[in-house]
There are 2 protein chains.
Amino acid sequence: MALRHAVLAALLDEELSGYQLAKAFSVGVANFWHALPQQLYAELARLERDGLIAGREVVQDTRPNKRLFTVTDAGLAELDAFAAAATKPSFLRDDLAVKVQAADHIDSAVLIGQLAERAEIARAKADLFENLLRTMRGAAEEDDFLRHGTRIGPYLTCLRGLAFERGNHDWCLRTIGILKAREAARVRP
Amino acid sequence: MALRHAVLAALLDEELSGYQLAKAFSVGVANFWHALPQQLYAELARLERDGLIAGREVVQDTRPNKRLFTVTDAGLAELDAFAAAATKPSFLRDDLAVKVQAADHIDSAVLIGQLAERAEIARAKADLFENLLRTMRGAAEEDDFLRHGTRIGPYLTCLRGLAFERGNHDWCLRTIGILKAREAARVRP
DNA sequence: CCGCTCATGTAACAGGTTACATGATTTA
DNA sequence: TAAATCATGTAACCTGTTACATGAGCGG
């Protein structure tokens with residue numbers, strides 16, 4: 001039951017609607033958790049029912065009305081309890097890694113294509129994260145912001161996302177290089 | 001349905017029993033996928049039923065008998081098809097990241113403790129991966145092994161695991177440093 | 001003799017994914 | 001005028017996790 005806490009954590013810094021939350025969780029920016037809109041709407045309903053968040057209706061003319069959610073004191077207490085409990089280890093689950101594991105037995109041209117695709121996605125995400133970080137720290141130097149800024153949580157998770165995507169990118173490119181070198185070596189050894 | 005392919009990929013290089021597979025998938029070495037023993041036994045049964053792997057009984061005196069599994073031609077074809085299909089993006093799902101996201105609202109002593117714990121786990125895993133890599137390449141230089149060695153798939157996924165755990169470790173330590181500096185700044189600003 | 005390793009599962013439950021449904025408004 | 005955006009969900013299905021079951025040998 002950790003989607004709960006991910007939603008609470010996301011609502012700490014801004015009041016959001018389900019739709020806005022869904023954007024934050026799916027469109028790239030999901031640097032600390034990933035979830036689909038359907039999960040989020042369901043989870044918001046449960047959180048509100050349990051009194052951990054409170055929603056207020058915002059009536060709009062041109063757009064459909066929306067409900068903005070805030071974390072309640074009970075919600076904060078729940079997050080405290082979550083933070084104090086033992087952290088579950090995080091595991092890898094990546095289709096691309098499975099394909100690379102089988103690299104010696106499958107067509108390497110296909111694999112190289114998929115690695116290139118992933119490298120590009122990783123690069124785009126890294127760029128996005130860099131921009132987000134710049135926006136968050138504003139005019140301040142990074143060290144200064146981290147020492148004295150308010151709300152560094154999102155900044156810290158974004159730093160992790162950035163490092164992760166850079167690692168991804170580098171690994172894809174290196175793997176492509178190795179596979180190509182082997183192909184060349186196989187043709188004229 | 002990707003556990004299927006992860007199991008197939010794991011069985012490519014050695015004939016394994018369910019028990020041995022389970023060890024490879026749970027005890028640390030899960031650098032390209034993670035799964036529990038129960039999932040694996042169930043998946044092995046399905047794979048055998050579908051003719052993608054073949055099992056042979058090995059009778060043992062002192063130990064209970066076991067069944068060793070090998071990938072069939074149909075299994076290889078299935079892996080080929082999987083490799084050719086579009087790769088699903090991989091997503092982050094980490095309790096610790098959720099806690100860090102909420103860093104501004106929860107007790108930082110607790111958080112620092114959990115980050116230190118995770119840093120230690122990451123360090124241990126990185127060490128393990130380094131040893132695995134050394135074992136895999138044997139006497140050869142890394143470049144040489146990667147260019148001419150057989151079975152580099154597992155080596156490549158292990159490289160990724162290593163980079164991932166190092167990134168994890170660095171991020172945990174850096175985050176701890178930042179949180180401590182902020183605590184100090186709050187006491188005497 | 002207690003706990004660990006080998007060896008294989010079943011059953012119930014929680015969590016995540018896919019497919020589908022609706023409908024107005026702005027942008028290309 | 002077609003497509004994307006805003007806005008919210010339901011239902012069926014697939015996947016992963018937790019809890020439990022069994023039993024022999026080996027090491028401290």
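Keep in mind that the numbers below use all heavy atoms, side chains included, and drop hydrogens, waters and symmetry copies. Chain identifiers are assigned alphabetically (A, B, ...) following the order of the sequence lines, protein sequences preceding nucleic acid strands; residue numbering begins at 1 within each chain. Given the structure is predicted, the values throughout are model-derived calculations rather than measurements.
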- Taken to the nearest whole Å, CG/L44(B) to P/dT8(C) is 9 Å

- Item | T157(A) OG1 to N31(A) CG distance, which is reported to the nearest 0.5 Å | 4.5 Å

- Item | NZ/NE/NH1/NH2 to OD/OE distance under 4.0 Å, E142(A) and R174(B) | yes

- Query: Which whole-number value in Å describes the distance from W33(B) CH2 to dT15(D) P?
  - Reply: 10 Å

- Message: I'd like to know if E14(B) pairs up with R151(B) as an ion pair, taking the criterion as any Lys NZ or Arg NE/NH1/NH2 lying under 4.0 Å from an Asp or Glu carboxylate oxygen.
- Response: no

- Item | Length of the OH-P vector between Y41(B) and dT10(C), whole Å | 12 Å

- Starting at CD of E43(B) and ending at C1' of dG9(C), how long is that distance when rounded to a whole Å? 15 Å

- Task: State whether K23(B) places a side-chain N or O below 4.0 Å from either non-bridging phosphate oxygen (OP1 or OP2) of dT5(C).
- Result: no

- Lys/Arg-Asp/Glu bridge criterion (N-O < 4.0 Å) met for D170(A), R166(A): no

- Can you check whether L79(B) reaches H105(A) side chain to side chain, under 4.5 Å on heavy atoms? no

- Query: Is any side-chain heavy atom of R63(A) closer than 4.5 Å to a side-chain heavy atom of V58(A)?
  - Reply: no

- Sugar-phosphate or base contact per nucleotide [nucleotides 17-26 of chain D; S, B, -; heavy atom under 4.0 Å]: BBB---B-SS

- Query: For the pair made of CG in N65(A) and C1' in dG9(D), what is the distance, rounded to whole Å?
  - Reply: 15 Å

- Message: In this structure, how many angstroms lie between the P atom of dC6(C) and the CG atom of L68(B), rounded?
- Response: 14 Å

- Does a side-chain N or O from Y19(A) land closer than 4.0 Å to OP1 or OP2 of dC6(D), or not? yes

- Taken to the nearest whole Å, NE2/H5(B) to C1'/dT15(D) is 14 Å

- Query: Is the shortest side-chain N to carboxylate O distance from E43(A) to R46(A) below 4.0 Å?
  - Reply: yes

- Query: Rounding to a whole Å, what distance do you find between K66(A):NZ and dG9(D):P?
  - Reply: 14 Å

- Task: Could you pick out which residue, L3(B) or F69(A), lies toward the 5' side of DNA chain D when each is mapped onto its nearest nucleotide?
- Result: F69(A)

